A.B. asks: 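Pasting in a structure now, in C-alpha cells, and then I'll have a few things to ask.
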Amino acid sequence: MSDRRVRVRFAPSPTGTLHIGGVRTALYNYLFAHKLGGDFILRIEDTDQNRFVPGAEAYIMEALNWLGINPTESPIHGGPHAPYRQSERKEMYRAYAEQLLQSGHAYYAFDTPEELEDMRTKLTAAKVASPQYNAVTRNSMKNSVTLSEDDVKRRLDAGEPYVIRMKLPRQEEVRFHDIIRGWILVQTQNMDDKVLFKSDGMPTYHLANVVDDYLMKITHVIRGEEWLPSAPLHVLLYRYLGWEEVMPQFAHLPLILKPDGNGKLSKRDGDRLGFPVAPLNWKDPLTGDTTSGYREKGYYPEAVLNFLCMLGWNPGTTQEMFSLEELIEQFSLERVSKAGAKFDFEKAKWFNHQYLLKHSDSELASEFMPLVQAAGFDRSMEYVTTVVSLVKERANFVNDFMEHARFFFEAPSSWDEATLGKKWKPETQGILEGWRDALINTDDYSAAALEAASKAYLESIGVGIGQVLQAFRILITGLPAGPSMFEVCALLGKEEVGARFSKALEFTQSRFA
RNA sequence: GGCCCGUUCAUCUAGGGGUUAGGAUACAAGAUUUUCAUUCUUGGUACAGGGGUUCGAUUCCCCUACGGGCUACCA
C-alpha cells in the first residue's frame with residue numbers, strides 16, 4: 001500500500017457551477033498529487049440522472065483549465081481507467097452489488113416510497129431517536145431478509161422495482177483514520193442500511209464511489225467534510241468487498257462558510273453579498289439563473305488559487321503569496337485546519353491587487369487595451385501604458401481601471417460641484433485662469449516642467465498650491481482625487497489641457513460668479 | 001431530535017504545559033504624497049464557559065454552551 005503510486009481524484013457532480021469550495025477541493029487534490037509525483041484524476045459522478053445539467057461538465061473542465069489545475073486523467077483527457085463518467089461505467093457496478101448479495105452483506109428491498117415514508121413517520125411518532133432502515137427495522141419491511149426466497153424470486157422475475165441495500169451489522173464499531181482529523185469512531189447502530197443500487201439500475205454515490213476508487217487505484221480520498229458521516233459506510237464497503245488492504249486514506253476538508261451569519265457558503269450568498277462564489281460565469285440552461293464568476297469579475301487565476309489555498313491551510317510560516325509551484329512544494333494535508341473557514345472577500349480582493357501589481361505596466365496595458373477599445377477610444381499602446389502606470393495603485397482589477405482613468409480618454413462632461421463649491425472663493429476663478437495661461441505658455445510638457453511652471457506662477461501671485469490644487473484637478477478631470485496632476489497634464493498635452501481648462505472655467509464662471 | 005466533526009483578535013490563522021499569545025486582512029491614528037491610492041510607523045480587540053490533571057494550563061481530560069455537517073432510490 002505504501003509503495004503504491006499516489007493517485008487522487010476530484011469527483012464532482014455535473015449539476016451546475018463548480019462551487020468555490022469544490023474548487024478548493026480540486027486544488028488540494030492537485031497540489032497533493034503533484035507534490036508526491038502522483039496522478040490527479042477528474043471523475044464525473046453523474047449517477048443521478050434527475051440532477052444532470054447539460055454543460056456543467058464542460059464548465060468544470062473549463063474552470064480547472066482556467067485555474068491551471070488540469071487533471072492528468074479525465075473524460076476528455078482519457079486515461080488507463082476510462083471511462084471517467086460514472087454513467088458510462090454503469091454496467092460495471094452491478095457485479096459488485098451481486099457480490100455483496102452473495103456474501104450476505106446486501107439484500108433486495110421492495111419497499112415503495114410510500115412504505116418508507118410510513119415507516120419513518122411511525123418511528124418518529126413512537127419517539128425513536130433516529131428513524132432509519134437498519135438491523136432492527138429491516139425485519140418489518142419488504143425485503144429479501146423477511147420475504148421467502150420464492151417470493152423474492154417471483155418479484156424479481158415479475159420485474160417489480162427494487163433496490164439493493166447494504167446489510168449492516170447490528171452493533172459493531174467502525175474506526176478509521178482521517179489524515180486531518182485523526183481517528184474517527186462510529187457505531188453501526190447509528191448508521192443505516194444505505195441503498196447501494198437504485199431501482200433505475202444506477203448505483204448510488206456510495207457504491208459507485210468505492211468501486212471506482214478501487215478500480216482506479218485511488219490512494220487518497222480528499223473531499224469535503226460533508227462526506228465524513230458516510231465514510232464509515234465506505235470503510236465497511238471496502239471490507240465486505242475484500243479490498244481493505246488497498247483502501248485509500250481519507251482526508252476530510254473543513255467547509256467554507258458564509259462570511260456573515262451561519263452555514264456553508266452557497267451560490268445564493270454570492271449574489272446577496274456581491275461577490276462571486278463560482279470560478280466562471282454560469283447560466284443554468286434549465287432555470288435561466290445566472291451565477292457570476294471570478295474570471296469575468298477580473299480576478300487572476302493565480303490570485304484565486306492563492307487565496308483559496310490559504311482558506312483552511314497554511315505553510316507554518318508567515319509567507320502568504322505563493323505561486324502554484326511553491327504551493328506544490330509546500331503543501332501538506334497535515335497542515336490543513338479542522339474548523340470551517342468564513343469566506344473573507346476583502347482578503348480576496350487584496351490578493352488580486354497584489355498580483356495586479358506584480359504585472360509590468362506593458363502587461364497591464366495589453367490587458368487594459370481591449371477595454372479601452374470597447375469603450376470607443378483609440379489610443380496608442382504607449383499612451384495606455386502610461387495611463388496604467390498612473391492608476392494601477394488604486395485599482396484591484398484591470399476591470400476597475402477605466403473607472404479611475406476615463407478622464408485620460410475624454411474630457412469630463414461634469415465637474416464635482418460639491419467639492420468645488422467647498423473650495424471655491426471669489427478669487428479662485430482669477431487664479432485658475434492665470435494658471436491656465438501659465439500652462440498654455442509652457443512648451444516643455446514634461447511633468448517636472450509643468451510642476452515648475454505651476455509653482456512659479458502660484459508663487460508669483462502669493463498663493464499656496466494646496467489652496468487651489470483640488471479645484472484645478474476637478475476642472476481637468478472632473479474628479480476630486482487621482483494621480484499627480486502634473487503627470488496627468490503631461491500625458492494630456494498642451495492642447496487638451498488648454499481646451500479643458502477653458503471649458504471648465506466657463507462653467508465655474510457661470511456657476512460660482 | 002439523533003449521530004459525527006469543530007471552537008485563538010471583526011476575518012483568515014501561528015503557537016501548543018511556563019510566550020509581552022505572533023503574522024496577514026479589515027479598522028483607527030500618524031508620517032509621506034499639499035488630493036486619493038500606494039508606502040512606512042503606531043494602535044486596539046482573541047485562547048467560549050465550568051470542572052479536573054499539574055508546581056503551572058490557551059495548550060491534556062471531562063462536562064456544558066455555541067457553530068457546522070449528515071440524517072434521500074442527491075451527490
Side-chain angles (χ1 to χ4, degrees), chain A residues 11-15 45-51 86 109 111-113 116-117 120 124 127-133 161-165 178 180-182 184-187 189-192 194-206 208-209 223-232 252 254-255 257-260 262-264 307 310-321 335 337-351 353 357 390-396 404 419 423 464-474 477 479-485:
Chain A
S13 292
T15 56
E45 309 227 325
D46 55 351
T47 53
D48 184 2
Q49 258 117 16
N50 302 319
R51 295 214 308 161
Q86 289 185 329
D111 315 281
T112 64
L116 288 171
E117 177 95 3
R120 288 183 187 119
T124 308
K127 299 267 195 283
V128 171
S130 52
Q132 41 186 220
Y133 204 122
Y162 67 90
V163 299
I164 297 174
R165 282 182 182 273
D178 184 280
I180 295 169
R181 286 152 211 286
I184 310 272
L185 301 179
V186 183
Q187 307 295 330
Q189 57 198 295
N190 294 320
M191 299 163 59
D192 58 5
K194 284 277 183 251
V195 170
L196 298 177
F197 212 82
K198 300 185 273 190
S199 57
D200 66 359
M202 276 291 207
T204 58
Y205 171 86
H206 306 293
N209 185 262
R223 71 216 321 181
E225 191 183 357
E226 69 267 30
W227 292 111
L228 198 51
S230 45
H252 288 92
L255 267 13
L257 277 14
K258 296 177 198 294
D260 63 338
N262 313 317
K264 68 173 171 178
F307 165 68
M310 302 305 285
L311 216 50
W313 173 85
N314 74 83
T317 66
T318 56
Q319 183 178 355
E320 286 202 289
M321 299 289 291
R335 292 203 65 91
S337 46
K338 298 182 179 71
K342 282 189 179 168
F343 190 89
D344 184 357
F345 188 52
E346 288 304 322
K347 190 108 184 217
K349 285 197 285 198
W350 178 82
F351 268 108
H353 188 235
L357 260 21
L390 294 174
V391 302
K392 65 176 180 183
E393 292 289 358
R394 61 208 86 221
N396 288 324
H404 298 280
T419 309
K423 300 277 172 182
I465 192 170
Q467 295 168 45
V468 286
L469 183 71
Q470 196 173 28
F472 171 48
R473 173 185 298 286
I474 292 172
T477 69
L479 305 173
S484 158
M485 279 312 291

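Small disclaimer: the values here were computed from a predicted structure and weren't measured. Within every chain, numbering begins at 1; the chains are lettered A, B, ... in the order of the sequence lines, protein sequences first and strands thereafter. What's counted below: heavy atoms across the whole structure, side chains too, no hydrogens, waters or symmetry copies.
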A.B. asks: Looking at B/U32, which nucleotide sits across from it as a Watson-Crick or G-U wobble partner, both distances under 3.5 angstrom, or is there none?
C.D. replies: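 Across all strands, not a single nucleotide pairs with B/U32.
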
A.B. asks: Please measure how far the C1' atom in B/A75 lies from the corresponding atom in B/C60, and state the result in whole Å.
C.D. replies: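 Each nucleotide's C1' atom is 39 Å from the other's.
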
A.B. asks: Mind calculating the distance between CG (A/L390) and C1' (B/A37) to the nearest angstrom?
C.D. replies: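 The answer, rounded to whole Å, is 12 Å.
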
A.B. asks: From CG of A/D192 over to C1' of B/A72, roughly how many Å is that when rounded to an integer?
C.D. replies: 10 Å

A.B. asks: Ignoring the backbone of A/D344, work out which of B/G15, B/U11, B/G68 is nearest its side chain.
C.D. replies: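 The answer is B/U11, which lies nearest to the side chain.
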
A.B. asks: Mind telling me whether A/Y205 and A/W227 have parallel, tilted or perpendicular rings, with 30° and 60° as the class edges?
C.D. replies: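 A/W227 vs A/Y205 ring planes: parallel.
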
A.B. asks: A/T112: which residues meet the side-chain hydrogen bond (donor to acceptor under 3.5 Å, both in side chains) condition with it, sequence neighbours left out?
C.D. replies: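 side-chain hydrogen bond (donor to acceptor under 3.5 Å, both in side chains) check on A/T112 returns A/E114, A/E115.
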
A.B. asks: So, are A/E225 and A/R181 salt-bridged, with charged N and O less than 4.0 Å apart?
C.D. replies: yes

A.B. asks: Side chain of A/H353 only, heavy atoms from C-beta on: which candidate in B/C5, B/A24, B/U38 is closest?
C.D. replies: B/U38

A.B. asks: Would you mind classifying the nucleic acid contact of A/S230 as base, sugar-phosphate or nothing, using non-hydrogen atoms under 4.0 angstrom?
C.D. replies: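 The residue A/S230 makes no contact with any strand.
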
A.B. asks: With the side chain counted from C-beta on, respond yes when A/E393 and A/L357 share a heavy-atom pair under 4.5 Å apart, and no when they do not.
C.D. replies: yes

A.B. asks: Under 4.0 Å between any heavy atoms, over every strand shown, what does A/S199 touch: base, sugar-phosphate, or nothing? Just pick one.
C.D. replies: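 Base: the residue A/S199, judged by heavy atoms under 4.0 Å, touches a nucleobase.
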
A.B. asks: Which nucleotide, if any, forms a Watson-Crick or G-U wobble pair with B/U45, using both distances under 3.5 Å?
C.D. replies: none

A.B. asks: Could you let me know what B/C3 is paired to, Watson-Crick or G-U wobble, both distances under 3.5 Å, or none if it's on its own?
C.D. replies: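 Base partner found: B/G69.
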
A.B. asks: For the side chain of A/D48, counting heavy atoms from C-beta on, which of B/G1, B/A75, B/U71 is nearest?
C.D. replies: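 Minimum distance to the A/D48 side chain belongs to B/A75.
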
A.B. asks: Taking the same atom, P, in B/C61 and in B/U53, what whole-Å distance lies between them?
C.D. replies: 15 Å

A.B. asks: Got A/M191 and A/P229 here, is their nearest side-chain heavy-atom distance under 4.5 Å?
C.D. replies: no

A.B. asks: Mind checking the C1' distance from B/A37 to B/C47? Whole angstroms is fine.
C.D. replies: 37 Å

A.B. asks: Ring centroid separation for A/F345 and A/W350, is it under 6.0 angstrom?
C.D. replies: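 Ring centroids of A/F345 and A/W350 are no less than 6.0 Å from each other.
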
A.B. asks: How many Å lie between NZ on A/K194 and C1' on B/A72, as a whole number?
C.D. replies: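 Result: 7 Å.
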
A.B. asks: Side chain of A/L116 only, heavy atoms from C-beta on: which candidate in B/C12, B/C73, B/U35 is closest?
C.D. replies: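 Ranking B/C12, B/C73, B/U35 by closest atom to the A/L116 side chain puts B/C73 first.
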
A.B. asks: Just to be sure I understand the rule, does A/R120 reach a base, reach only the sugar-phosphate, or reach nothing, if contact means heavy atoms closer than 4.0 Å?
C.D. replies: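 Counting heavy atoms under 4.0 Å across all strands, the contact made by A/R120 is with sugar-phosphate only.
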
A.B. asks: Touch check for A/G312, heavy atoms < 4.0 angstrom, all strands: base, sugar-phosphate only, or nothing?
C.D. replies: sugar-phosphate

A.B. asks: Would A/R51 and A/E45 count as a salt bridge (charged side-chain N to carboxylate O under 4.0 Å, His left out) if you check the C-alpha gap in whole Å, the side-chain angles of each, and the deciding distance to 0.1 Å?
C.D. replies: CA-CA 11 Å; A/R51 295 214 308 161; A/E45 309 227 325; over 6 Å; no

A.B. asks: So what does A/K264 touch, heavy atoms closer than 4.0 Å: a base, only the sugar-phosphate, or nothing?
C.D. replies: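 The residue A/K264 makes sugar-phosphate contact but no base contact.
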
A.B. asks: Could you measure between the two P atoms, the one in B/C12 and the one in B/U33, and give it in whole Å?
C.D. replies: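 Straight-line distance between the two P atoms is 38 Å.
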
A.B. asks: Report which part of the nucleic acid A/R51 touches: base, sugar-phosphate, or nothing (heavy-atom distance under 4.0 Å, all strands).
C.D. replies: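 Result for A/R51 = base.
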
A.B. asks: State which of B/C12, B/U38, B/A75 makes the closest approach to the side chain of A/A341.
C.D. replies: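 Output: B/C12.
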
A.B. asks: So, does A/R165 get its side chain near the phosphate of B/C73, meaning an N or O under 4.0 Å from OP1 or OP2?
C.D. replies: yes

A.B. asks: Between B/U35, B/C5, B/C74, which nucleotide gets closest to the side-chain atoms of A/K198?
C.D. replies: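 So the side chain of A/K198 is nearest to B/C74.
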
A.B. asks: So what does A/N396 hit on the nucleic acid, given a heavy-atom distance under 4.0 Å: a base, only sugar-phosphate, or nothing?
C.D. replies: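 Since no nucleic acid heavy atom lies under 4.0 Å of A/N396, the category is nothing.
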
A.B. asks: Using whole Å, what does the distance between atom P of nucleotide B/U33 and atom CG of A/L469 come to?
C.D. replies: 13 Å

A.B. asks: Report yes if at least one side-chain N or O of A/S337 is closer than 4.0 Å to OP1 or OP2 of B/U13; otherwise report no.
C.D. replies: yes

A.B. asks: State the pairing partner of B/A24; accept Watson-Crick or G-U wobble contacts with both distances under 3.5 Å, and report none otherwise.
C.D. replies: B/U11

A.B. asks: Where the side chain of A/T318 is defined as all heavy atoms beyond and including C-beta, which of B/G23, B/A14, B/C73 is the nearest nucleotide?
C.D. replies: B/G23

A.B. asks: Once you apply the 3.5 Å cut-off to both distances, tell me the Watson-Crick or G-U wobble partner of B/A37, or none.
C.D. replies: none

A.B. asks: Give none if B/U59 has no partner; otherwise give the nucleotide forming a Watson-Crick or G-U wobble pair with it, both distances under 3.5 Å.
C.D. replies: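 The base-pairing partner of B/U59, which may sit in any strand shown, does not exist here.
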
A.B. asks: Within the structure, does a side-chain N or O atom of A/K338 lie under 4.0 Å from either OP1 or OP2 of B/G68?
C.D. replies: no

A.B. asks: Quick one: on RNA chain B, does A/Q467 or A/A109 contact a more 5' nucleotide (nearest heavy atom)?
C.D. replies: A/Q467

A.B. asks: Can you tell me how far C1' in B/G69 sits from the matching atom in B/C63, rounded to whole Å?
C.D. replies: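 The same atom, C1', in both gives a distance of 23 Å.
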
A.B. asks: In whole angstrom, what separates A/H206's NE2 from B/A72's P?
C.D. replies: 10 Å

A.B. asks: Within this structure, what is the CD-to-C1' distance between A/E346 and B/U11, rounded to whole angstrom?
C.D. replies: 10 Å

A.B. asks: Is the number of heavy atoms from other residues, nucleotides or ligands under 6.0 Å of A/K338 NZ greater than 12?
C.D. replies: no

A.B. asks: Just compare B/A37, B/G2, B/A24 and give me whichever is closest to any side-chain atom of A/A129.
C.D. replies: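 The answer is B/G2, which lies nearest to the side chain.
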
A.B. asks: When the nearest nucleotide of RNA chain B is assigned to A/M485 and to A/I184 on a heavy-atom basis, which residue is associated with the more 5' position?
C.D. replies: A/I184

A.B. asks: Please report the distance separating the C1' of B/C55 from the corresponding atom of B/G49, rounded so that it comes out in whole Å.
C.D. replies: 25 Å

A.B. asks: Please pick, from B/A75, B/U35, B/C4, the nucleotide with the shortest atom-to-atom distance to any side-chain atom of A/V186.
C.D. replies: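 My answer, after comparing the listed nucleotides, is B/C4.
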
A.B. asks: Please give the distance between the C1' atoms of B/A31 and B/A46 as a whole number of Å.
C.D. replies: 29 Å

A.B. asks: Quick one: which of B/G68, B/U25, B/C4 gets closest to the side chain of A/E225?
C.D. replies: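 Looking only at side-chain atoms, A/E225 lies closest to B/G68.
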
A.B. asks: Work out how far the P atom of B/U19 is from that of B/U11, and round it to whole angstrom.
C.D. replies: 26 Å

A.B. asks: Any side-chain N or O of A/K342 under 4.0 Å from OP1/OP2 of B/U7?
C.D. replies: no

A.B. asks: For B/G2, does OP1 or OP2 lie under 4.0 Å from any side-chain N or O of A/N190?
C.D. replies: no

A.B. asks: By the 4.0 Å heavy-atom rule, please label A/V195 as base, sugar-phosphate, or nothing.
C.D. replies: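 The residue A/V195 makes sugar-phosphate contact but no base contact.
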
A.B. asks: Under 4.0 Å between any heavy atoms, over every strand shown, what does A/P483 touch: base, sugar-phosphate, or nothing? Just pick one.
C.D. replies: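 The residue A/P483 makes base contact.
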
A.B. asks: Are more than 12 heavy atoms, taken from residues, nucleotides or ligands other than A/E117, located less than 6.0 Å from that residue's CD atom?
C.D. replies: no

A.B. asks: Rounded to the Å, how far apart are A/Y133 OH and B/C70 P?
C.D. replies: 24 Å

A.B. asks: Please classify the nucleic acid contact of A/T47 as base, sugar-phosphate, or nothing, using heavy-atom distances under 4.0 Å.
C.D. replies: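 Sugar-phosphate, no base atom in range.
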
A.B. asks: Mind calculating the distance between CZ (A/R335) and C1' (B/G23) to the nearest angstrom?
C.D. replies: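 The distance from CZ of A/R335 to C1' of B/G23 comes to 13 Å, rounded to the nearest Å.
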
A.B. asks: Does a salt bridge link A/K342 with A/D344, judged by any charged N lying under 4.0 Å from a carboxylate O?
C.D. replies: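 Salt bridge: no.
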
